Number of protein chains: 2
Amino acid sequence: MGRTKQKQQTRDRHQEILDAAARVITERGLAETRISDIAERCGVSPGLILYYFESKDRLLVEALTFANDQFYLRLSRELRRMRSARQQLTRLIELSVPGLLPEFERLDEWALWIEIWVLALRDPSMAKEREVLDRRWRQSIAEVIHRGRSTGEFPEGTDADELGMQIGALIDGLAVQVLMNDTTLSPARMRQVCMDVAARLIGFAPEPVPA
Amino acid sequence: MGRTKQKQQTRDRHQEILDAAARVITERGLAETRISDIAERCGVSPGLILYYFESKDRLLVEALTFANDQFYLRLSRELRRMRSARQQLTRLIELSVPGLLPEFERLDEWALWIEIWVLALRDPSMAKEREVLDRRWRQSIAEVIHRGRSTGEFPEGTDADELGMQIGALIDGLAVQVLMNDTTLSPARMRQVCMDVAARLIGFAPEPVPA
DNA sequence: GGCCCGAATCTGAACGGCCAGTCAACTCGA
DNA sequence: TCGAGTTGACTGGCCGTTCAGATTCGGGCC
């Protein structure tokens, strides 16, 4: 019990720091994130951060993948609840639209994704991590499609992994635009566009457009 | 003549610096770009950089939009040469796939795009600039579609601007993946996927898949 | 032409702030 | 008593920016 609790606490401190780091990065951006900001957010001294992580760079990489893991866990938890593949797809899209769901004072995971991309361009460990995260993301989409086909909701057609890649890429591209507050693309519209294109690519009847 | 030449030279130095900055950013990344790197690349002293630009930050923003302008100029120059809309679309896609065309020792403009996104999240002037650049990009696609419809190559259907947004987002998303050297998506395959999805969304007969 | 002057261009040393990472010392629970 | 956890002052280097002066250039004047 004692040992468990101690380990537990250690891990908590780890996660606490990772979580704080992710929040700070989201708010201030990777480039403007100082160790002391993270420490302050934890209510802890700067030295302690370096006691738990060997360097700032390493911490940042871990924080980014940590945050993405959180998103993924939430996504799969929610999808598991849904009955129909169509509902799943809808929810998956909704969770992907920046700023659509204000619940949980949700950070914009997408801002972190872009930071991941920049890092991954030069940092090999981040590049590797990124590919894992990305594959998981596309696979989630493909699984929904598989499921829809097995229940007969979606017709057979293009390979599901291929569709996962296509729809995933579409969501990525649109999400960036929405995240940037592009005046021509609101969150609600992005949701609509995604559903629409997904319907056409997968081959099911689209939702009626709201008047 | 004298005055013209003088102005010309000044602008040359300006552009020279912008160009050098863009190259350095592409190679080392925005975060690792020092003023002295840019100066060295120009064969000039660091002080001079600040003589032409009021601050490092401003220079970086200008360099990024400068590079994007270059890409756009090249794109529209090339498209103007093409006869059919289909050729235009193909070329547009080819120019968008990172690393597909090695000609011109082409930098990967996409790396710069991602840096633009990160900056735009926090820097209002960059955000504004980004929206302009992005609109221009999507509009280029929409124009090709319009053209194809006016010549009868493409059928009528979904609004061309809407399609520009959809196809543009798809290209963005895929380009990021390719840029990251994702093992599951080669440049050639991205080209194929883009053509394929574009064909389905616009509604023309796809290219035959090469054996 | 040859000379001069002022402005534009350019240099590189020096300044100053910032911040990652170190470390010696302290706390406290087991 | 021991050692994991924690502190916060300190340091060492880095880099944007400034600045005082050197150099170059172009055009007016004899």
Side-chain angles (χ1 to χ4, degrees), chain A residues 1-25 27-64 115 118-119 122-123 125-126, chain B residues 1-25 27-64 115 118-119 122-123 125-126:
Chain A
M1 192 53 148
R3 223 171 67 247
T4 306
K5 192 179 173 200
Q6 186 188 341
K7 249 194 174 167
Q8 191 57 36
Q9 282 191 341
T10 296
R11 186 179 309 151
D12 281 357
R13 190 39 57 100
H14 251 270
Q15 290 203 358
E16 199 183 335
I17 294 173
L18 288 173
D19 190 64
R23 283 173 201 275
V24 173
I25 296 170
E27 285 169 16
R28 314 183 34 120
L30 195 63
E32 297 305 315
T33 294
R34 312 283 158 241
I35 286 186
S36 59
D37 298 325
I38 300 170
E40 199 175 342
R41 173 68 71 124
C42 290
V44 123
S45 87
L48 194 64
I49 305 295
L50 274 291
Y51 175 76
Y52 281 95
F53 294 87
E54 55 178 302
S55 73
K56 184 196 180 190
D57 284 349
R58 186 83 81 181
L59 163 59
L60 295 179
V61 169
E62 287 190 40
L64 289 170
E115 305 281 8
V118 172
L119 268 193
R122 270 107 198 168
D123 179 330
S125 74
M126 188 78 258
Chain B
M1 190 55 145
R3 224 171 66 246
T4 306
K5 194 180 171 198
Q6 187 187 341
K7 249 193 176 168
Q8 190 60 36
Q9 284 191 340
T10 296
R11 186 179 310 153
D12 281 356
R13 190 35 58 100
H14 251 270
Q15 290 203 356
E16 200 183 334
I17 294 174
L18 289 173
D19 191 64
R23 284 172 199 276
V24 173
I25 296 170
E27 285 168 17
R28 316 185 30 125
L30 195 63
E32 297 306 314
T33 294
R34 313 282 158 243
I35 287 188
S36 59
D37 298 324
I38 300 170
E40 199 174 342
R41 173 69 70 124
C42 290
V44 123
S45 84
L48 194 64
I49 306 296
L50 274 294
Y51 175 76
Y52 281 96
F53 295 86
E54 55 178 304
S55 74
K56 185 196 180 190
D57 285 348
R58 185 84 82 179
L59 163 59
L60 294 179
V61 169
E62 287 191 38
L64 289 170
E115 304 282 8
V118 173
L119 267 194
R122 269 107 198 168
D123 179 329
S125 75
M126 187 78 258

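Reminder, nothing fancy here: chain letters follow the sequence lines and each chain counts from 1. What you see is a predicted model, and the numbers here were worked out from it, not measured in a lab.
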Participant: Between Asp57(B) (CG) and dC15(D) (C1'), how many Å, whole number?
Facilitator: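 So the CG-C1' distance, Asp57(B) to dC15(D), works out to 13 Å.
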
Participant: Please state how far atom CD in Glu40(A) lies from atom P in dA20(C), giving the value in whole angstrom units.
Facilitator: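 Going from Glu40(A) (CD) to dA20(C) (P), I get 13 Å.
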
Participant: Can you tell me how far the CZ atom of Arg28(B) sits from the CZ atom of Arg23(B), to the nearest 0.5 Å?
Facilitator: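 Separation between the atoms: 16.0 Å.
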
Participant: Can you tell me the distance, in whole Å, between the CG atom of Leu48(A) and the P atom of dT27(C)?
Facilitator: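 Roughly 17 Å, once rounded to whole Å.
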
Participant: What's the shortest heavy-atom distance between Asp37(B) and Val24(B), and which atoms?
Facilitator: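 Smallest heavy-atom distance, with atoms named: CB-CG1, 3.9 Å.
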
Participant: Taking CD1 from Ile38(A) and C1' from dG21(C), how many angstroms apart are they, rounded to a whole number?
Facilitator: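 So the two atoms are 14 Å apart, to the nearest Å.
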
Participant: Rounded off to whole Å, could you give me the CG-to-P distance for the Asp12(B) and dC10(C) pair?
Facilitator: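 Whole-Å distance recorded here is 11 Å.
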
Participant: Please convert DNA chain D into dot-bracket. A pair counts if it is Watson-Crick or G-U wobble with both distances under 3.5 Å; crossing pairs go in [ ] and bases paired with another strand get |.
Facilitator: ||||||||||||||||||||||||||||||

Participant: Where do Glu115(B) and Arg122(A) come nearest, in terms of heavy atoms and distance?
Facilitator: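 For Glu115(B) versus Arg122(A), the nearest heavy atoms are OE2-NH1, 3.6 Å.
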
Participant: Choosing from dT7(D), dT17(D), dC10(C), which nucleotide comes nearest the side chain of Val44(A)?
Facilitator: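 Nearest to the side-chain atoms of Val44(A), counting from C-beta on, is dT7(D).
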
Participant: Do any N or O atoms of the protein come closer than 3.5 Å to N or O atoms of nucleotides 15-19 of chain C, and which pairs are they?
Facilitator:
from, atom 1, to, atom 2, distance (Å)
dC19(C), OP1, Arg34(A), NE, 2.6

Participant: Has Tyr51(A) got a side-chain N or O lying under 4.0 Å from the OP1 or OP2 atom of dG5(D)?
Facilitator: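 Checking Tyr51(A) against dG5(D): at least one side-chain N or O falls below 4.0 Å of OP1 or OP2.
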
Participant: Once you round to the nearest 0.5 Å, how far does CD1 of Ile38(A) lie from CD of Glu16(A)?
Facilitator: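 The CD atom of Glu16(A) is 12.5 Å from CD1 of Ile38(A), to the nearest 0.5 Å.
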
Participant: Among all residues two or more places apart in sequence or in another chain, which pass the salt bridge (charged side-chain N to carboxylate O under 4.0 Å, His left out) test with Asp123(A)?
Facilitator: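 Asp123(A) satisfies salt bridge (charged side-chain N to carboxylate O under 4.0 Å, His left out) with no residue once adjacent residues are dropped.
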
Participant: Would you mind reading off the distance between Ile17(A) atom CD1 and dG5(D) atom C1', rounded to a whole angstrom?
Facilitator: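 Interatomic distance, CD1 of Ile17(A) to C1' of dG5(D): 11 Å.
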
Participant: Who pairs with Glu40(A) by salt bridge (charged side-chain N to carboxylate O under 4.0 Å, His left out), at least two apart in sequence or on another chain?
Facilitator: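 With neighbours one apart ignored, the set is empty.
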
Participant: With side-chain contact (heavy atoms from CB on, under 4.5 Å) as the test, pick out the partner of Tyr52(A) among Leu59(A), Ile17(A), Leu18(A).
Facilitator: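 Of the listed residues Leu59(A), Ile17(A), Leu18(A), the side-chain contact (heavy atoms from CB on, under 4.5 Å) partner of Tyr52(A) is Ile17(A).
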
Participant: Heavy atoms only: give me the nearest Thr33(A)-Ile25(A) pair and the separation to one decimal.
Facilitator: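 What the structure gives for the nearest pair is OG1-CA, 3.6 Å.
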
Participant: Atom CZ of Phe53(B) to atom C1' of dT18(D): distance rounded to whole Å?
Facilitator: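 Distance, rounded to whole Å: 18 Å.
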
Participant: Indicate yes or no: at least one non-hydrogen side-chain atom of Arg34(A) is less than 4.5 angstrom from one of Lys56(A).
Facilitator: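 Arg34(A) vs Lys56(A): side chains touch.
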
Participant: Could you tell me if the side chain of Leu60(A) sits less than 4.5 Å from the side chain of Leu30(A), heavy atoms only?
Facilitator: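 With C-beta onward as the side chain, the pair touches.
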
Participant: Are any of Arg13(A)'s side-chain N or O atoms less than 4.0 Å away from OP1 or OP2 of dT6(D)?
Facilitator: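 For Arg13(A), the contact criterion (side-chain N or O under 4.0 Å from OP1 or OP2 of dT6(D)) is met.
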
Participant: Using atom types as modelled, flag every donor-acceptor pair under 3.5 Å from a side chain in residues 42-51 of chain A to any protein atom, sequence neighbours excluded.
Facilitator:
none

Participant: Considering only nitrogen or oxygen atoms on both sides, find all protein atoms under 3.5 Å from nucleotides 22-24 of chain C and state each distance.
Facilitator:
none

